[in-house]
A.B. asks: 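One structure is given below, represented as structure tokens, and several questions about it will come after.
Every value quoted in this text rests on a predicted model; they were computed, and no experiment measured them. Index from 1, following the sequence. The figures here come from the full heavy-atom set of this structure, side chains too, leaving out hydrogens, waters and symmetry mates.
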Amino acid sequence: MQKWGEKPYRSLDFHLRELFGEKIYKVSLNGGMTCPNRDGTLGSHGCIFCSAGGSGDFAADRTLSIREQIESQKKALQGKKPVKRYIAYFQAYTNTYAPADYLEKIFTEAITHPDIAALSIGTRPDCLGPDVLELLGRLNQIKPVWVELGLQTIHPNTARLIRRGYELSCFDQAVLQLRRLHIDVIVHTILGLPGEGTAQVLETISYLNRAGIQGIKLHLLHILKGTELAGLYKTGGCSVMTLEEYVDLILLCLEHLSPEITIHRLTGDGPKDLLLAPLWSSKKRTVLNTIHQELKIKSTWQGRLYLQESI
């Protein structure tokens, strides 16, 4: 069994200690952007699972400057955790959906902060024009730049249902362009999307093994108040997994994932004031402990089945 530190998978904590030699935490920032799925370019309601916060429900106050946001997030973390350096994570909405000169201003403000070790940018693959890519390539010469792409699924029917708004080929092209710039790519997936079972999820995992990515976030489907998905859930148009079902699926995903891909997330914690279901997901520590316990009980690890299939 291959182990990464104390865990049977390549955790983000292990990766960061390997890369920087110390504990690193993320500070979530808000660049004040929107999304083509919200401003009328592609749509006006966002993806069906997306809350008004646009995935940035835990990001800092957008009325503050980037430096002020970093300092406010540092202050909140330092009261609980002994940490000296951070990753500046632009989280809310689509963080390359703005003119390149504005992006250069806010990204440079973040990456040049003395306590920032790396820059991580959450965005869509259809919002990476040549000028943005050129900027990211330059920034990557200063400190490591990571780009987080919201893929969710490889399946076109599901992508249309959730109103993702771009084709899989667009994702493939974005990964290729980013990797040419030596920028690490982290991909967001959602487990439990309407109409998708274990087979479809594992097909997405298998595809990503071949896509040349460096990290993955495995998100649980949350039903949040005020979303179109909430209406679908209330009328019986979609369901959510039990904790046991989710843990079983996570173990399968880990077993099929390449051991070279860093696991940035194994679950998610939607805002408690917005969460409709599954309510068990609000106890994030319990979910993670259950996953770790099952990995130990079943004596399994990341890449176990991937390695067997590769022989």
A.B. asks: Write down the atom of A211, the atom of V175, and the distance for their closest heavy-atom approach.
C.D. replies: O-CG1, 3.3 Å

A.B. asks: Checking Q302 side chain against R10 main chain: does a donor-acceptor pair fall under 3.5 Å?
C.D. replies: yes

A.B. asks: Between D126 and C170 (side chain of the first, backbone of the second, donor and acceptor by atom type, cut-off under 3.5 Å), is there such a pair?
C.D. replies: no

A.B. asks: List the atom of L275, the atom of P278, and the distance in Å for their closest heavy-atom pair.
C.D. replies: CD2-O, 3.7 Å

A.B. asks: Do L119 and W146 belong together in a cluster built from hydrophobic side chains that touch within less than 4.5 Å?
C.D. replies: no

A.B. asks: Determine the minimum heavy-atom distance between Q69 and A60, stating which atoms define it.
C.D. replies: OE1-CB, 3.4 Å

A.B. asks: What I'd like to find out is whether the side chain of L220 reaches to under 4.5 Å of the side chain of V240, using heavy atoms alone.
C.D. replies: no

A.B. asks: What are the two closest non-hydrogen atoms of Q177 and L128, and how far apart are they?
C.D. replies: OE1-O, 4.4 Å

A.B. asks: Between the side chain of E148 and the main-chain N/O of H188, is any donor-acceptor distance below 3.5 Å?
C.D. replies: no

A.B. asks: Rounded to the nearest 0.5 Å, how far does CG of L243 lie from OG1 of T290?
C.D. replies: 5.0 Å

A.B. asks: When you compare the side chain of N95 with that of I106, does any pair of heavy atoms fall below 4.5 Å?
C.D. replies: no

A.B. asks: Is there a side-chain contact (heavy atoms from CB on, under 4.5 Å) between L178 and L133? Walk through the geometry before answering.
C.D. replies: CA-CA 7 Å; L178 290 165; L133 288 167; 3.8 Å; yes

A.B. asks: For R38 and Y93, what are the C-alpha separation, side-chain angles and deciding distance, and is it a side-chain contact (heavy atoms from CB on, under 4.5 Å)?
C.D. replies: CA-CA 9 Å; R38 286 181 174 269; Y93 296 106; 3.4 Å; yes

A.B. asks: Any side-chain heavy atom of I205 sitting closer than 4.5 Å to one from Y306?
C.D. replies: no

A.B. asks: Whether the Y207 and D172 side chains hold a donor-acceptor pair (N or O, under 3.5 Å, no angle test) is what I'd like checked.
C.D. replies: yes

A.B. asks: Looking at every non-hydrogen atom in both residues, tell me the closest pair between A110 and I70 and how far apart they are.
C.D. replies: CA-CD1, 4.0 Å

A.B. asks: Tell me whether T189 contacts the main-chain N or O of K217 through its side chain, where contact means a donor paired with an acceptor under 3.5 Å.
C.D. replies: yes

A.B. asks: Are P144 and I87 close enough that some pair of their side-chain heavy atoms sits under 4.5 Å apart?
C.D. replies: no

A.B. asks: Taking NZ, NE, NH1 and NH2 as the nitrogens, is one of them in E22 or R85 under 4.0 Å from a carboxylate oxygen of the other?
C.D. replies: yes

A.B. asks: Taking T108 for its side chain and K105 for its backbone only, find out whether a donor-acceptor pair lies under 3.5 Å.
C.D. replies: no

A.B. asks: Test your reading of the model: is there a side-chain donor-acceptor pair from N140 to the backbone of H182, 3.5 Å cut-off?
C.D. replies: yes

A.B. asks: Do we see a donor-acceptor contact under 3.5 Å between the side chains of S281 and Y246?
C.D. replies: no

A.B. asks: Treat each ILVMFWY residue as a node, draw an edge where side-chain heavy atoms are under 4.5 Å apart, and state whether L12 and V145 are in one component.
C.D. replies: no

A.B. asks: Where the side chain of Q73 meets the backbone of L29, is there a donor-acceptor pair that is under 3.5 Å apart?
C.D. replies: no

A.B. asks: Any non-hydrogen side-chain atom of L229 less than 4.5 Å from a side-chain atom of I162?
C.D. replies: no

A.B. asks: Is a salt bridge present between D13 and K23, judged by a nitrogen-to-oxygen distance below 4.0 Å?
C.D. replies: yes

A.B. asks: Is R304 paired with E255 through a side-chain N to carboxylate O contact shorter than 4.0 Å?
C.D. replies: yes

A.B. asks: What distance do H256 atom NE2 and L202 atom CG have between them, rounded to the nearest 0.5 Å?
C.D. replies: 5.0 Å

A.B. asks: Taking C-beta and beyond as the side chain, do T204 and L208 meet within less than 4.5 Å on heavy atoms?
C.D. replies: yes

A.B. asks: For the atom pair CD (E294) and CD1 (I297), what is the distance rounded to the nearest 0.5 Å?
C.D. replies: 4.5 Å

A.B. asks: Take I263 and I216 through the test side-chain contact (heavy atoms from CB on, under 4.5 Å) and record every step on the way to the result.
C.D. replies: CA-CA 5 Å; I263 310 300; I216 190 169; 3.8 Å; yes

A.B. asks: Among N37, T34, T41, find the residue that satisfies the side-chain hydrogen bond (donor to acceptor under 3.5 Å, both in side chains) test when tested with Y97.
C.D. replies: T41

A.B. asks: What about the rings of Y9 and H292, do their centers lie closer together than 6.0 Å?
C.D. replies: yes

A.B. asks: Is the closest side-chain heavy-atom distance between I190 and T153 below 4.5 Å?
C.D. replies: no

A.B. asks: Do any N or O atoms from the side chain of R163 and from the backbone of G46 form a donor-acceptor pair under 3.5 angstrom?
C.D. replies: yes

A.B. asks: Decide, yes or no, whether a salt bridge links E134 with R138 under the criterion of side-chain N to carboxylate O below 4.0 Å.
C.D. replies: yes

A.B. asks: Just by modelled atom types, is the C127 backbone N or O under 3.5 Å from a matching donor or acceptor in the T96 side chain?
C.D. replies: yes

A.B. asks: Is F171 linked to L161 within one hydrophobic cluster, defined over Ile, Leu, Val, Met, Phe, Trp and Tyr using a side-chain heavy-atom separation of less than 4.5 Å?
C.D. replies: no

A.B. asks: Are L193 and V201 linked, directly or through intermediate hydrophobic residues, by side-chain heavy-atom contacts shorter than 4.5 Å (ILVMFWY only)?
C.D. replies: no

A.B. asks: Using the rule given for side-chain contact (heavy atoms from CB on, under 4.5 Å), can you reason through L266 versus L254, listing the C-alpha separation, both sets of side-chain angles and the distance that settles it, and then say yes or no?
C.D. replies: CA-CA 9 Å; L266 287 173; L254 288 175; 4.0 Å; yes

A.B. asks: Taking the side chain from H155 and the backbone from Q200, do they hold a donor-acceptor pair closer than 3.5 Å?
C.D. replies: yes

A.B. asks: Taking D269 first and then K283, would you say they form a salt bridge - that is, a charged N and a carboxylate O separated by under 4.0 Å?
C.D. replies: no

A.B. asks: Please give me the minimum heavy-atom distance between F49 and L224, naming the atom from each residue.
C.D. replies: O-CD1, 4.3 Å

A.B. asks: Count the heavy atoms of every other residue, nucleotide or ligand shown that sit under 6.0 Å from NZ of K284, and state whether that count exceeds 12.
C.D. replies: yes

A.B. asks: Atom CD1 in I66, atom CD1 in I116: separation rounded to 0.5 Å?
C.D. replies: 10.5 Å

A.B. asks: Is there a path of hydrophobic side-chain contacts, each under 4.5 Å between heavy atoms of I/L/V/M/F/W/Y residues, joining I186 to I121?
C.D. replies: no

A.B. asks: If I take atom CD from residue E196 and atom SG from residue C238, how far apart are they, to the nearest 0.5 angstrom?
C.D. replies: 12.5 Å

A.B. asks: Roughly how far, to the nearest 0.5 Å, is the CD atom of E245 from the OG atom of S239?
C.D. replies: 8.0 Å

A.B. asks: Are the side chains of P259 and W301 in contact, using a 4.5 Å heavy-atom criterion?
C.D. replies: no

